[in-house]
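Nothing fancy with the numbering, it's 1 onward along the sequence.
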Amino acid sequence: MALVARLLGLLVLLLAGTGLRQVGILDASRTARLNTVAYYLALPALVFTATYDRNIAAIVTPALVVGIVGVLVSTAGLAWLLTRHRGLPARRSVALIQSYHSNLGYLGLPLVAATFDGEVTAVASVVLGIGSLVQVPITVIALVSINGANTRLVDQLAELGRNPVLLALILGIVIGSLGVPVAQPITAVLDVLAALALPLALLCVGATLQVDRAALDWGATGSVIGLKLVVMPALAWVAFSALGVSTAAFTAAVVMLGTPTAVSTYVFASELGGDSQFASLNVFATTVASLVSLFVLISLVS
């Protein structure tokens with residue numbers, strides 16, 4: 001029942017964000033400011049507090065890295081096979097990237113932190129870092145290749161290198177590995193900010209979710225939902241079982257890779273020639289559907 005209540009709480013926050021946008025309270029400007037707080041303060045605080053007091057060298061195993069990369073690349077390859085002859089390039093490219101590009105930061109890590117213990121959360125922070133370094137370049141390359149967009153991969157990688165969440169992860173890993181103590185007043189403030197990560201992120205996601213009936217394509221959207229929320233976590237389950245990772249690593253990786261499509265795919269699609277309306281619809285559809293799939297997934301790994 002606790003898990004059901006937690007997931008229903010996620011739905012309430014998502015719908016609250018959407019409702020506040022509809023009535024004009026969370027307009028574009030306020031949503032941007034709220035997103036800034038979540039992106040530059042709350043999420044980095046969550047990542048740092050999950051890693052600064054742990055020996056990450058014992059967490060970042062070759063099996064964990066191979067598993068994350070393997071699942072992402074395998075799902076992307078399967079999505080490419082299923083979408084390569086389907087529809088116009090702008091829509092096909094979006095269906096491809098949204099089948100594997102997971103919401104690791106705004107939903108995955110805060111959900112893991114709220115549901116599991118500190119060890120699982122620390123691994124989830126590492127999954128966030130490795131996953132972002134893999135899925136962002138794949139997404140950029142796919143959109144540029146299919147749509148012929150004019151951008152440079154090096155520019156996108158430079159932007160990724162300035163990501164405050166990844167920088168917080170690196171700082172936490174360094175401090176944890178060296179055993180450097182962090183003053184209690186600092187950790188107390190960071191704990192408060194970390195607690196805000198999930199509600200702020202969900203409000204931001206809800207405020208950006210939109211459904212455009214003109215973009216509705218049941219077959220394509222159903223394919224994205226099936227690949228992202230069923231096939232990808234199933235591949236993760238098989239891969240990490242075969243690799244023999246620890247229980248904490250298995251739990252973190254499977255749940256993180258079972259999260260819905262990232263909101264950032266809408267931004268990438270808008271900038272790199274994808275069908276942005278279709279992208280917005282799929283983010284909404286996978287996010288809502290994930291409330292059921294994540295319940296099943298978390299129940300199984302627990």
Side-chain angles (χ1 to χ4, degrees), residues 1-7 9-10 43 45-75 100 102-135 165-166 168-170 172-177 179 191 194-195 197-198 201 228-260 290-302:
M1 288 301 295
L3 177 57
V4 173
R6 184 172 291 114
L7 290 174
L10 301 186
L43 286 172
L46 177 57
V47 170
F48 181 81
T49 56
T51 54
Y52 80 93
D53 58 350
R54 297 182 182 275
N55 182 8
I56 301 299
I59 295 176
V60 185
T61 63
L64 180 64
V65 176
V66 169
I68 295 168
V69 175
V71 171
L72 285 168
V73 172
S74 298
T75 308
Y100 65 83
S102 304
N103 195 341
L104 301 174
Y106 269 65
L107 182 57
L109 181 60
L111 177 62
V112 169
T115 308
F116 299 100
D117 62 22
E119 184 179 0
V120 177
T121 303
V123 180
S125 298
V126 175
V127 174
L128 165 62
I130 298 171
S132 298
L133 292 172
V134 175
Q135 65 185 13
V165 178
L166 292 181
L169 174 62
I170 294 171
I173 289 174
V174 171
I175 289 178
S177 299
D191 284 339
L198 185 57
K228 186 70 208 66
L229 301 181
V230 179
V231 174
M232 189 168 180
L235 287 175
W237 190 291
V238 172
F240 288 102
S241 295
L243 290 166
V245 298
S246 67
T247 301
F250 179 87
T251 300
V254 170
V255 173
M256 290 285 280
L257 294 174
T259 52
S290 72
L291 297 176
V292 176
S293 65
L294 284 171
F295 169 77
V296 174
L297 201 57
I298 292 173
S299 298
L300 288 173
V301 299
S302 296

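- Across all their heavy atoms, Phe250 and Ser241 have their closest contact at CE1-OG, 3.3 Å.
- Interatomic distance, Leu64 CG to Ile130 CD1, rounded to the nearest 0.5 Å: 5.0 Å.
- In plain terms, the two heavy atoms of Gly105 and Pro110 that are nearest each other are O-CD, 3.0 Å.
- Under the 3.5 Å distance criterion, the side-chain polar atoms of Asp117 are matched with a main-chain donor or acceptor of Val120.
- Between the CD1 atom of Ile298 and the OG atom of Ser293 there is a distance of 9.0 Å, given to the nearest 0.5 Å.
- Two residues are said to be in side-chain contact when any heavy atoms from C-beta on lie closer than 4.5 Å; Trp237 and Pro233 fail this criterion.
- For the pair Thr259 and Leu111, the minimum side-chain heavy-atom distance is 4.5 Å or more.
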TODO: Test side-chain contact (heavy atoms from CB on, under 4.5 Å) on Val126 and Ile68 and set out the steps.
DONE: CA-CA 10 Å; Val126 175; Ile68 295 168; 5.7 Å; no
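- Residues Val245 and Ala63 approach most closely at CG1-CB, 3.8 Å, considering heavy atoms.
- Ile173 CD1 to Phe48 CZ: the interatomic distance, rounded to the nearest 0.5 Å, is 11.5 Å.
- Contact check for Leu257 versus Tyr100: no side-chain heavy atoms found under the 4.5 Å cut-off.
- Side-chain atoms of Met256 and Ser102, non-hydrogen and from C-beta on, never get closer than 4.5 Å to each other.
- Summarising the geometry of Ala113 relative to Leu46, their closest heavy-atom pair is CB-CD1, 3.8 Å, with the distance given to 0.1 Å.
- For the pair Val123 and Phe116, the minimum side-chain heavy-atom distance is 4.5 Å or more.
- Rounded to the nearest 0.5 Å, atoms CG (Leu72) and CG (Leu235) are 10.5 Å apart.
- Considering all non-hydrogen atoms of both residues, Lys228 and Gly258 come closest at NZ-C, 4.4 Å.
- Thr121 places none of its side-chain heavy atoms less than 4.5 Å from the side chain of Thr49.
- Once rounded to the nearest 0.5 Å, the distance linking CG of Leu294 with OG of Ser299 reads 10.0 Å.
- The structure places CG of Leu107 at 6.0 Å from OG of Ser290, a figure rounded to the nearest 0.5 Å.
- At a threshold of 4.5 Å between non-hydrogen side-chain atoms, the residues Leu128 and Leu169 do not count as touching.
- Under the 4.5 Å side-chain criterion, counting only non-hydrogen atoms from C-beta, Leu109 is not in contact with Leu43.
- The minimum heavy-atom distance between Leu229 and Pro260, with the atom names listed, is CD2-CA, 3.8 Å.
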